[in-house]
Amino acid sequence: MKIAPSLHLSCLSIDNDMNILKREVEHADIRKALAFWCEMNKFQGIIYPTENDYKAAKGDEVQIKKLAKILAEARIRNKKCQPDGICDENYGKESHSSPGDNKDERTCYNAAEFEAYHEIDSRKPEDKVLKFRVTCIRNGTHCFGSQDAAYHVGGRLQDMFHWIVDLNFYDLEIMLNIREDSMYYGMTLTKESKHHRNINFFGPTTLRATICYNMLRLGRPKVGDIIIDPLCGGGSIPIEGSLAFKNSYFICGDIHEKAVNRTQCNLDHLECGTQSYVDVLHWDATNLVLRDSSVDIIVTDLPFGKRSGSVFDNRTLYKQVLLELARVVRCKTGQAILLTHDKRSMTAALMFTAGLWKLTKKLKINIGGLEAGVYVLWRLKESAAGLSAAPKKEISQAHKRQCSS
Amino acid sequence: MKLLTHNMLTSKCLKGVNVGYPLGIVAKDIKVLETEFNSEFVLRIIPKLDWDTLWNAADSIGHSGDLPRTLCDDYENDVEFLKKAHHVLLEVEVINGELVCPESGRKFAINKGIPNMLLNEDEL
């Protein structure tokens, strides 16, 4: 993977911008990355074909695909002719809509084609020429589309290495991730994103496992650390943590009964070994039943006030949660990694708890188009006991005032 | 709920309760799940615990075995001891039962291994 921090895209002419992207890719150390990729994916075929190799392979490829298409179509027709006895009537009626438009039908066809392709393909793995595609994910305003970028960069790579372009049955996928004026690009090591690994029961706001992992990593857990997630939802963070950081103990909880049960169900699907390092409680994050200074790291995803909770409630909730967390976390060494979209409430809560927490890092992240922030807070020296008593009253008064107004 | 978690729980947030520690355990159903012994984890976690509480909790649910009542000085090198501690901390789980506040006597139910620690508004 390589990062190109500032590309100086003109945003005026496509040709100019495409040339910038192409030049960027040309200078990358693709051979080195490719060697690693081959090792990971155990690819045995021809990585650097000559032009003649390419032409021959391309011919074979076209031939095989043609046959696979015919075979797949024939199979699907056969299947339709023999109506399934098990298939209930409702399903039969539904699939009457025009073929090709139906999503299920298309995936069914793709699967059949994929199967047929591999049956017909009789070449040895060593004789195959690498097939590739370029995918582009783009964020921000540009004068070109994602497909244009993928098309041009793919074309340049094809000129350089003579690989076969194949958008469906590819071996190698090159990802371009363009964000405003910067880009990072690399080769995908897995065929699909791992962001929904380990979770079986999804809730309305389940966080991506990849984000969970990175939030935990920000806390740098050490052996024997006690990590809590006081607003755990479906338990994505403790589950990801127990798998990735095996030497820590996780306690998590939620106020909603459904969320607690969901966490338990997700945990039951894990191996027994990891389950032993996670405990679930049904609790209220503003009144934790933990002892003072007993927790090392807090990693949590606060309600954004969009799908879960409301911005109005967040104003008091965030303050109460931060105060309570300051009480249970260890002074001086404790830290909290909090994710939220409601930055205004967070800023207010941080002002309110000044003296307890120190903001050491604030990261901007993009969650499905929402610009959220990850706050890394360190617990300061002062003891929480004296501080927490007074502001609590203040909060409840403020809350009452809000309710009455 | 595992005993390691129990070691950190307090009912201090109840109205009129000052310490609320340790919570009593009434266990109706206990599950023992064997897991791999991780000596480093146990070593690092012991200084963070209240040993008396752990021993009493284990004793009250009949799983103290021959766990020593007090921590000896060189427990770090005693693998047998660490294994026993590992068993009590991570392998014994209370599935159904109750947690009891030592001061007010308020009971918190444990269902399917999840203690319900929610408080009513008048208890805050």
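So that the names make sense, note that chain A is the first sequence line, chain B the second, and so on, each numbered from 1.
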Given side chains that start at C-beta, do those of A:N247 and B:N38 come closer than 4.5 Å, heavy atoms only?
yes
Among B:L4, B:L14, B:N7, which has the most heavy-atom pairs under 4.5 Å with chain A?
B:L4
Can you tell me how far apart NZ (B:K12) and CZ (A:R327) are? Round to the nearest 0.5 Å.
5.0 Å
Please report the interatomic distance OG(A:S276) to CD(B:E93), rounded to the nearest 0.5 Å.
7.5 Å
For the residue pair A:L281 and B:L9, establish whether any side-chain heavy-atom pair is separated by less than 4.5 Å.
yes
Under 4.5 Å from any heavy atom of chain A - which part of B:E36:
backbone
So how far is it from B:L49 CG to A:S294 OG, rounded to the nearest 0.5 Å?
11.0 Å
Show your working on side chain to side chain contact (heavy atoms under 4.5 Å, CB included) between B:L118 and A:I255 and close with a plain yes or no.
CA-CA 7 Å; B:L118 282 185; A:I255 195 165; 3.8 Å; yes
One pair to check against side chain to side chain contact (heavy atoms under 4.5 Å, CB included): B:T5 and A:Y249. What are the steps and the verdict?
CA-CA 9 Å; B:T5 307; A:Y249 187 73; 2.6 Å; yes
More than 12 heavy atoms of other groups within 6.0 Å of A:H256 NE2
no
Is any side-chain heavy atom of A:L288 closer than 4.5 Å to a side-chain heavy atom of B:C13?
no
Side chain, backbone, both or neither: which part of A:I251 has a heavy atom under 4.5 Å from chain B?
side chain
Name the region of A:S248, side chain, backbone, both or neither, that has any atom closer than 4.5 Å to a heavy atom of chain B.
backbone
What I'd like to find out is whether the side chain of A:V295 reaches to under 4.5 Å of the side chain of B:M8, using heavy atoms alone.
yes
As an exercise: rank B:L89, B:N111, B:T10 by heavy-atom pairs under 4.5 Å with chain A and give me the winner.
B:T10
B:D122, CG: over 12 other non-hydrogen atoms inside 6.0 angstrom
yes
With a 4.5 Å cut-off on side-chain heavy atoms, are B:I114 and A:Q264 touching?
yes
Please determine whether the number of non-hydrogen atoms from other residues, nucleotides or ligands lying under 6.0 Å from atom CD of B:E76 exceeds 12.
yes
Counting only non-hydrogen atoms closer than 4.5 Å, does B:E91 touch chain A with its backbone (N, CA, C, O), its side chain (CB onward), both, or neither?
neither
Heavy-atom cut-off 4.5 Å, strictly under: side chain, backbone, both or neither for A:K222 against chain B?
neither
Lys/Arg-Asp/Glu bridge criterion (N-O < 4.0 Å) met for B:K48, A:D225:
yes
Is any side-chain heavy atom of B:T35 closer than 4.5 Å to one of A:Q275?
no
Heavy atoms of other groups near B:R106 CZ, more than 12 under 6.0 Å
yes
Parallel, tilted or perpendicular, judged at 30° and 60°: which one describes the rings of B:F41 and A:Y277?
perpendicular
How long is the gap from CG on A:D279 to NE2 on B:H6, to the nearest 0.5 Å?
12.0 Å
Can you find a pair of side-chain heavy atoms, one from A:I226 and one from B:I45, that are under 4.5 Å apart?
yes
Which of A:D284, A:T263, A:V280, A:N261 touches chain B most, by non-hydrogen pairs under 4.5 Å
A:V280
